[in-house]
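The structure appears below as structure tokens.
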Amino acid sequence: MGRFDIERLLRELGDPADEAPREPGASDLPVKSPDAGDGDLAVDRSGSVPAMRPDFRTGDGLGVEIDPTLAISDDHMRPTRPDDALRDLYVPDAADGPSNESDPVDIVEAMNRAGTLSDQEVETARRLLAQSGGRPVAEVLLEMGVAEHAVQAAVAELAGIPFLRFDADAVDESGLQRLGIDFCRDRLVVPIRSEGARTIVGTTTPDDVFLLDDVKRRLGISVVRHVLVCGGEIESAIQRIEGGGDAGSSEVDAILADVDEDDVEFEKQDDEATDLEAEAESSPVVRYVNHIIQSALKEGASDIHLEPGEKTLKVRLRIDGILFEMMTPPRRMHGALTSRIKIMANLDIAERRLPQDGRIRATVLGRKLDLRVSTVPTAHGEKTVMRILDDSAIQVSLDELGFADDTLLIWKKQIEQPHGIILVTGPTGSGKTTTLYSSLRQMDLKRLNVSTVEDPVEYALEGVTQIQTHNAIDMTFARALKALLRQDPDVVMVGEIRDHETASVAVQAALTGHLVLSTLHTNDAPSSITRLINIGVEPFLVGAALNGVLAQRLVRRICPECATETTVPDDMRDFLTVHGIHADVLPVGAGCDCCRKTGYSGRVGLYELLVLDDHLRDLIASNPNVTEFRRICCERGMVTLREDGFRKVSEGRTTVEEVLRVTEATI
């Protein structure tokens with residue numbers, strides 16, 4: 001800390017005790033102290049006002065009044081201001097000087113040096129800041145999903161004030177009531193406890209002196225100790241003190257309370273990306289998006305649809321393969337909600353004319369999951385769909401998928417074959433990926449070299465080499481498969497066979513001693529043979545390389561909580577008899593809170609397994625008609641999807657309506 005040199009000051013100003021009688025004829029010119037430096041004020045030790053010599057530069061003696069602050073010193077010809085006389089009264093120590101050049105200059109750099117922000121996140125933050133039009137760095141970091149306590153700790157460190165984490169038990173409830181709960185919630189301020197004559201007050205901003213003055217006035221105190229806290233902890237503490245019941249419903253009420261319901265009809269068209277980004281970072285929007293994702297996970301949804309209409313906005317969740325309308329937020333929130341999701345997925349919020357794809361990685365309700373985001377422009381704005389990729393959803397064994405005992409035994413034998421092609425077919429969302437992943441986990445991954453080529457890699461498999469395709473750089477299925485064949489593989493899984501080149505490489509891999517698993521989009525197992533031939537693979541190669549085809553569908557399972565029995569209608573009795581069901585009553589779901597009054601909870605698979613024998617291989621070589629080939633397969637023992645479905649109806653696992661919904665009569 002600098003020191004005031006009192007003795008030197010007294011010498012320059014003149015101590016009355018040291019004054020000597022003035023000698024006659026003494027000069028009236030000011031006498032400069034021998035210790036004074038250049039530019040210091042000259043002091044007349046006689047005690048009289050010193051007479052300044054005429055100087056053209058200052059106008060003295062010329063009858064011109066010159067502002068003394070603009071007087072020019074003799075030696076340096078520079079402006080001399082009144083505070084120049086006090087230049088030597090304060091000498092800062094080195095510790096009070098400017099910070100070292102290596103010290104952090106902003107929150108992003110500080111967090112990066114502390115290890116709480118990766119280099120990739122720093123790059124993302126810099127890019128968003130460049131687009132944000134001067135918004136606070138902390139807000140941008142929170143939008144990116146950085147933990148609030150990490151951001152606030154960095155802000156506190158740079159501001160030079162303490163950072164404190166607390167819970168509801170640490171809050172001074174009497175002080176909270178004196179301030180007012182609404183005041184504390186709106187201004188994000190909380191009184192924590194008292195230390196002697198001081199009260200510790202937590203806020204989310206380091207420099208709001210007006211807020212601290214307001215707190216002092218309301219509490220009737222003169223001194224507070226200011227600490228920085230997290231806004232989320234303030235809200236949680238206030239909510240717990242209020243005893244507001246269910247946290248989830250209270251959160252939704254708080255979200256909707258911030259939105260004017262009367263403005264649902266209002267639609268604001270704004271092309272400025274900065275405005276959309278500012279709306280996206282607002283607290284109601286962030287909380288609403290978080291609530292949507294949490295609700296989808298709690299309901300066991302596989303997809304989230306954000307669908308704009310002309311005057312409406314709907315949020316629908318796909319649960320057990322069926323879409324349910326869950327929320328109807330105000331239409332004017334569409335742009336902000338979409339921008340918030342885009343920011344989370346690292347997409348361009350300014351581009352609303354082209355489709356975009358991205359990925360969000362998050363921890364929700366203690367579970368790590370990925371969200372595959374897709375946006376497309378529509379007549380009423382961008383529609384956003386998020387596919388939920390939850391690792392726990394595929395952590396099931398083959399025994400739990402719904403295979404019949406004989407089908408499961410045959411399938412396990414097929415995936416133990418040393419070479420050949422095994423196909424899983426069905427439409428999107430029929431469970432093909434789950435079946436393939438469960439089959440790979442069934443293998444001895446310690447003894448085998450198992451690799452996959454996927455677009456995209458949806459789930460991480462321990463002990464499996466997974467490769468992501470990139471069509472933009474010509475990293476196609478065929479090219480990746482060719483590279484894998486030079487990696488000494490035992491088992492290769494190809495995400496999808498969709499062209500002649502991929503099919504040809506897969507056939508060659510199967511014929512050279514590798515087991516290849518892949519998918520096709522066909523309606524049933526026999527149609528896969530025709531599809532490969534139509535792609536361009538020679539029929540004799542298809543017959544030689546292909547081992548088996550598994551077609552599958554997913555049907556909803558009867559809810560076990562509300563399962564009951566109903567009488568079979570007369571018009572349905574004959575139809576069921578044809579399919580081998582001779583029963584007067586069948587189980588159904590009555591509908592309860594557990595199944596959202598639908599009567600269904602969870603799903604079970606229907607399977608059609610075709611295993612090629614020598615007779616069928618010879619038949620394939622002659623390029624048969626698909627209808628005739630399907631009939632021959634059924635004659636040789638293949639169980640169709642519909643037949644397997646009615647087996648599960650007779651077992652009480654699903655209903656006739658579900659089987660008829662996903663299957664069709666093939667013969």
Testing the 3.5 Å rule here: is there a donor-acceptor pair between the side chains of Tyr600 and Thr655? yes

Closest heavy-atom pair, Ile388 versus Ala301, reported as atoms and distance to 0.1 Å, is CD1-O, 3.5 Å

Residue pairs meeting salt bridge (charged side-chain N to carboxylate O under 4.0 Å, His left out), one or both in residues 407-421, sequence neighbours left out, come to Asp399-Lys412

Original post:
Any Lys/Arg nitrogen of Arg631 or Glu628 sitting under 4.0 Å from an Asp/Glu carboxylate oxygen of the other?
Top reply: yes

Using modelled atom types and a 3.5 Å cut-off, is there a donor and acceptor pairing between side-chain atoms of Gln417 and backbone atoms of Leu515? no

- Message: Check whether Lys648 reaches the backbone of Leu606 with its side chain - one donor and one acceptor, N or O, closer than 3.5 Å.
- Response: no

_Donor-acceptor contact below 3.5 Å, side chain Ser622 vs main chain Leu619_ = yes

CZ of Phe403 to CG of Leu398, rounded to nearest 0.5 Å, is 6.0 Å

Here the gap from Glu538 atom CD to Ile533 atom CD1, rounded to the nearest 0.5 Å, amounts to 9.0 Å

To the nearest 0.5 Å, atom CE of Met493 lies from atom CG of Leu440 at 6.0 Å

- Item | Close side-chain approach of Arg340 and Val286, heavy atoms under 4.5 Å | yes

Value for CZ (Phe324) from CD1 (Ile319), rounded to nearest 0.5 Å, stands at 6.0 Å

By side-chain contact (heavy atoms from CB on, under 4.5 Å), Ala544 pairs with (sequence neighbours left out) Leu511

Query - His514 side chain near Val491 side chain, heavy-atom distance below 4.5 Å - result: no

Closest heavy-atom pair, Gly645 versus Thr654, reported as atoms and distance to 0.1 Å, is O-CG2, 4.3 Å

Exercise. Will you find, in the side chains of Thr384 and Thr375, an N or O donor that is under 3.5 Å from an N or O acceptor?
Worked result: no

Would you say that Met344 contacts Arg359 through its side chain, given a criterion of any heavy-atom pair below 4.5 Å between the two side chains?
no

* Verify, without hydrogens or angle tests, whether His334 (side chain) and Glu382 (backbone) share a donor-acceptor contact under 3.5 angstrom. => yes

Result for side-chain contact (heavy atoms from CB on, under 4.5 Å) between Leu423 and one of Val516, Leu610, Leu550, Ile497 points to Ile497

The complete set of side-chain hydrogen bond (donor to acceptor under 3.5 Å, both in side chains) pairs with one or both residues in residues 545-574, sequence neighbours excluded, reads Thr435-Gln552, Arg556-Glu658, Arg573-Asp584

Smallest heavy-atom separation, Arg331 atom then Lys311 atom, equals CB-O, 3.7 Å

Can a donor-acceptor pair be found, under 3.5 Å and without considering hydrogens, that links the side chain of Asn449 to the backbone of Asp490? no

Closer than 3.5 angstrom, by distance alone: can the side chain of Glu299 be matched with the main-chain N or O of Ala296 as a donor-acceptor pair?
no

Here the gap from Leu546 atom CG to Leu612 atom CG, rounded to the nearest 0.5 Å, amounts to 5.0 Å

Thr512 and Ala509 have their tightest heavy-atom pair at OG1-O, 3.1 Å

Has the side chain of Thr522 got a donor or acceptor atom that lies under 3.5 Å from a matching backbone atom of Thr425? no

Between Asp613 and Arg617, does any side-chain N to carboxylate O distance fall below 4.0 Å? no

(request) Give a yes or no on whether the backbone of Ala525 and the side-chain of Glu608 come within a donor-acceptor separation of less than 3.5 Å. (result) yes

For residues 439-448, the salt bridge (charged side-chain N to carboxylate O under 4.0 Å, His left out) pairs (sequence neighbours left out) are Asp444-Arg447

Heavy-atom nearest pair, Val656 first then Met572, reads CG1-SD, 4.2 Å

Taking His500's backbone N and O only, do any of them form a donor-acceptor pair with Ser504's side chain (distance below 3.5 Å, no angle check)? yes

Do the non-hydrogen side-chain atoms of Lys314 and Glu307 ever get within less than 4.5 Å of each other? yes

Side chain proximity check, Leu371 to Leu389, heavy atoms < 4.5 angstrom:
no

Under-4.0 Å salt bridge between Glu664 and Arg642: no

*asked:* Given 3.5 Å as the limit, does a donor-acceptor pair link the side chain of Ser518 with the main chain of Val494, or not?
replied: yes

So salt bridge (charged side-chain N to carboxylate O under 4.0 Å, His left out) across residues 462-477, not counting sequence neighbours, yields Asp474-Arg479

From CA spacing to verdict: side chain to side chain contact (heavy atoms under 4.5 Å, CB included), Ser374, Asp357: CA-CA 5 Å; Ser374 174; Asp357 296 304; 3.3 Å; yes

(request) Show your reasoning for whether side chain to side chain contact (heavy atoms under 4.5 Å, CB included) applies to Cys562 and Cys594. (result) CA-CA 9 Å; Cys562 59; Cys594 296; over 6 Å; no

### Message
Evaluate Thr452 against Val464 for side chain to side chain contact (heavy atoms under 4.5 Å, CB included), listing each step before the verdict.
### Response
CA-CA 7 Å; Thr452 69; Val464 177; 3.7 Å; yes

To the nearest 0.5 Å, atom CD1 of Ile632 lies from atom OG1 of Thr627 at 11.0 Å

I would like to know whether Glu454 and Gln468 meet side-chain hydrogen bond (donor to acceptor under 3.5 Å, both in side chains); could you show each step before the answer? CA-CA 5 Å; Glu454 304 172 67; Gln468 167 79 53; over 6 Å; no

Taking every heavy atom of Asn523 against every heavy atom of Leu641, the minimum-distance pair comes out as O-CD1, 3.9 Å

Margin query: Taking the side chain as everything from C-beta on, heavy atoms only, tell me whether Ile581 gets closer than 4.5 Å to Phe575.
Written below: no

TODO: Mind running side chain to side chain contact (heavy atoms under 4.5 Å, CB included) on Leu401 and Thr434 for me, showing each step along the way?
DONE: CA-CA 9 Å; Leu401 294 180; Thr434 301; 4.1 Å; yes

The complete set of salt bridge (charged side-chain N to carboxylate O under 4.0 Å, His left out) pairs with one or both residues in residues 494-510, sequence neighbours excluded, reads Lys482-Glu501, Glu496-Arg498

- Message: What I'd like to find out is whether the side chain of Leu554 reaches to under 4.5 Å of the side chain of Val604, using heavy atoms alone.
- Response: no

query: Is there side-chain contact between Val289 and Ile341, with at least one heavy-atom pair below 4.5 Å?
result: yes

*asked:* Other residues, nucleotides and ligands only: do more than 12 of their heavy atoms fall within 6.0 Å of CG on Asn625?
replied: yes

* **Presence of salt bridge, Glu325 and Arg316, under 4.0 angstrom** => no

Would you call the rings of Tyr459 and Tyr437 parallel, tilted or perpendicular if under 30° counts as parallel and over 60° as perpendicular? perpendicular

